[in-house]
Every structure is written in C-alpha cells, then in structure tokens.
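Each remark here refers to the structure printed beneath this line.
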Amino acid sequence: MFSDTASVTGRGRTQTLRGPHEPPRGHGPGPAHGLPRSLLLLGGTSEIALATARRLIVRGARTVWLAGRPSAALDRAARGLAALGADVRTVAFDALGPASHEAVLGQVFARGPIDLVLLAFGVLGDQAYDEREPVGAVRVVQTNYTGAVSAGLVSGAALQAQGHGRLVVLSSVAGVRARRRDFLYGSSKAGLDTFAQGLGDALYGTGAAVMVVRPGFVRTAATAGRAAPRLATTPEAVATAIELGLRRGSEAVWVPGSLRPVGAALRLLPRVLYRRLPL
C-alpha cells in the first residue's frame, strides 16, 4: 500500500516530499527541550494542525506525516510544509473508516518512530439542519467522537509500544457544557474530551502521554461567516499554546488561557441561570 514518490500525486499511497536541498533524515533523539522531530497529523488539512506543524518544523521537526482523504488540499499542505525543509509524507486516512485505522496507522509507525500524533480532524456540522435530519447529526458524532476514539486507541497503543511520544487531542470549550446553539457538536467534543482524559490515565507511566487542547472559537475557513465572540482565537495562537504545553509537559491546555476559569464557572452555574446566558 505504501510507496514513496517524488511528488504528492497519486491516491491511496504514501508520498514523500523533501525540503529544498535536504538530505534524507533519520529519527535521532529529540531536542533537549523535548519538542518532537517526527509528527503525524490526523486531519492533514486542518488549519490548526498545519499551523502547529509549521511552528514545530521551525523548531526542529524533521518528518511530517499528513493523514487525510486524498485531495488537492492535502497535496498543497504537503508542498507548503516541504518548502519549510521537512520531509513530508501523505497517507490516505478516513476518520469515518475505523476498520482501516489499525492497518493504515500501523504502517505509518512501521516506517519509523513518531514523536507526536496530533488528532485534529473534526466537523462542525449544521445544528439546525442536523436536528431536522438526524443522519447529519450522526455524521458529526461519528467523525468527532467515534472516529477519534478509534484513531486515538490505535495511536496510543503504537506510542506505548515504542516507549515514547505524545498524543495531542483537539477538544473544544464547546464540550465543557451543552449549549442550545451547538449541542450536537458540543456533545461530540464532550465525549472526545472524556475519552482523551481516560486514555491519558491508561497510558500514564508507559512513556506515552496525552495532552488535551481546549480552544474556544477559532477563526478558520470552517467558521467564516459566524459571529466571533470576544475571546476568539486563531490557528497560530492554538499552535503556540500547543508548543508551550509540550514544553511544560501539560495534560490540558486552554486557548486562550482565560477560558480555564470561565469553563470552571460554567460547569458550576445552575441550569436555570445557564439557560439565560447568550451562549
């Protein structure tokens, strides 16, 4: 299934792009500050994932795997990262195909150690439409939760087997407490967040670890046209927070950090008052 080529053309295969004038690179020990040299991005066209990859490449990451559905967007993402000097490989991955996750991700890990897996795929859905058409709601849950559970378990087992590595899971502040306007998306992220915390406990002491990232509203192409709240953030700000969390060995990161006390307050607020908030 896997064969390296000199470009990102082709579908259903691994392809490799090397940065300009870059020799083949191996998997040596990570830098002293503990940042990863090899990355696997599950959701290879995610703006947050790509912003994180760009930041980590500048800081010494050498190999980047982009996992996603074969597309022109995935190819463009690979070329962009390769231009920064990384060896970039793409692999066909479908969050909605959990039966294939073990084989696809297993073969990625078989090609060399992975220091960081970033679980970044997900869909927002359309709350009003999905309430009327439950099939749409199921797709949101199957992508954001069921697919993530499958990929997370496979990745966690692989990191444990190699004896090191971090699984970074993109959760959301929307999962802290259900809101009328997006409870379908929020419930899927709530499930993902709980799963990621439990997986972190299961991996504790094995050399592998999980970090949960809880951004608020992120300004991306997917959220374009939606009203941005005062504490809205950007993919680059999330990437900065991820790097800081990795350096600190954090288990949970809120973006922006001021959302941490807000989230704690929302959990405790009586429901009759919570319903009156303009959330």
Side-chain angles (χ1 to χ4, degrees), residues 8 17 36 38-58 61 63-84 86 88-97 101 104-105 108 114-125 139-152 154-155 166-175 182 185 188-189 192-193 196 210-224 226 228 232-243 245-246 253 255:
V8 292
L17 288 179
S38 53
L39 318 175
L40 168 58
L41 309 185
L42 302 179
T45 58
S46 158
E47 291 181 51
I48 294 175
L50 293 174
T52 303
R54 288 192 293 270
R55 191 171 186 87
L56 294 177
I57 289 169
V58 170
T63 302
V64 181
W65 287 86
L66 300 182
R69 292 175 177 170
S71 66
L74 190 67
D75 293 349
R76 285 194 300 272
R79 288 193 293 270
L81 297 182
L84 297 177
V88 183
R89 303 173 180 182
T90 66
V91 60
F93 171 83
D94 186 354
L96 293 176
H101 291 177
V104 171
L105 300 182
V108 170
I114 299 294
D115 299 328
L116 174 68
V117 179
L118 177 53
L119 200 162
F121 60 79
V123 294
L124 290 172
R139 176 177 175 272
V140 171
V141 174
Q142 287 181 333
T143 303
N144 296 353
Y145 181 67
T146 307
V149 166
S150 172
V154 172
S155 298
R166 302 290 294 276
L167 171 61
V168 176
V169 178
L170 288 187
S171 179
S172 172
V173 170
D182 64 355
Y185 172 78
S188 70
K189 287 297 187 177
L192 173 62
D193 198 293
V210 176
M211 183 171 78
V212 182
V213 181
R214 302 184 182 113
F217 185 99
V218 183
R219 294 187 180 94
T220 66
T223 60
R226 303 191 181 201
T233 188
T234 65
E236 291 72 24
V238 178
T240 299
I242 288 174
E243 180 194 346
L246 292 173
V253 174
V255 192

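Because only heavy atoms are used, hydrogens play no part in the values below, and waters and symmetry mates are left out as well, while side chains stay in.
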Seminar exercise, completed: Value for CG (Leu124) from OG (Ser172), rounded to nearest 0.5 Å, stands at 8.5 Å
For this session: Can you measure from CE (Met211) to CG (Leu116) and round to the nearest 0.5 angstrom?
Result: 7.5 Å
Problem set entry | CG on Leu167 to CD1 on Ile114, rounded to 0.5 Å | 12.5 Å
Exercise. Would Leu96 and Arg69 satisfy side chain to side chain contact (heavy atoms under 4.5 Å, CB included), going step by step from the backbone distance to the final call?
Worked result: CA-CA 10 Å; Leu96 293 176; Arg69 292 175 177 170; 3.5 Å; yes
For this session: Please report the shortest heavy-atom distance between Ala49 and Leu118, naming the atom on each side.
Result: CA-CD2, 3.6 Å
For this session: For residues Ala92 and Val104, report the shortest heavy-atom separation together with the two atoms involved.
Result: O-CG1, 3.5 Å
Exercise. What's the spacing between Ser155 OG and Leu40 CG if we round to 0.5 Å?
Worked result: 6.0 Å
For this session: Can you see which heavy atom on Leu246 is nearest to which on Pro36, and at what distance?
Result: CD1-CD, 4.2 Å
Problem set entry | Shortest non-hydrogen contact between Ala196 and Val210, atoms and distance | O-CG1, 3.6 Å
Seminar exercise, completed: Taken to the nearest 0.5 Å, the spacing of Thr90 OG1 from Leu81 CG works out to 11.5 Å
Exercise. Taking all atoms of both residues into account, what is the closest heavy-atom pair of Val173 and Arg214, and its distance?
Worked result: CG2-O, 3.5 Å
Problem set entry | Inter- and intrachain pairs under salt bridge (Lys or Arg N to Asp or Glu O under 4.0 Å), touching residues 232-242, at least two apart | Arg54-Glu236
For this session: Only counting residues at least two apart or in another chain, list the ones meeting side chain to side chain donor-acceptor pair (under 3.5 Å) with Arg55.
Result: Thr240, Glu243
Problem set entry | Set of side-chain contact (heavy atoms from CB on, under 4.5 Å) partners for Thr220, sequence neighbours left out | Glu47, Val218, Ala222, Thr223, Pro235
Exercise. If you take all heavy atoms of Val238 and Pro215, which pair is closest and at what distance?
Worked result: CG2-CB, 4.2 Å
Exercise. So how far is it from Leu119 CG to Leu170 CG, rounded to the nearest 0.5 Å?
Worked result: 7.5 Å
Problem set entry | Passing option when Leu41 is tested against Val168, Leu66, Val117, Thr52 for side-chain contact (heavy atoms from CB on, under 4.5 Å) | Leu66
Seminar exercise, completed: Residues at least two apart in sequence or cross-chain that pass ring pair (Phe, Tyr, Trp, His ring centres under 6.0 Å) with Phe93, listed by chain then number, are His101, Phe121
For this session: For Ser188, enumerate each residue passing the side chain to side chain donor-acceptor pair (under 3.5 Å) test, keeping only those at least two apart in sequence or located in another chain.
Result: Asn144
Exercise. Side chain to side chain donor-acceptor pair (under 3.5 Å) with Ser171: which residues, sequence neighbours excluded?
Worked result: Asp193
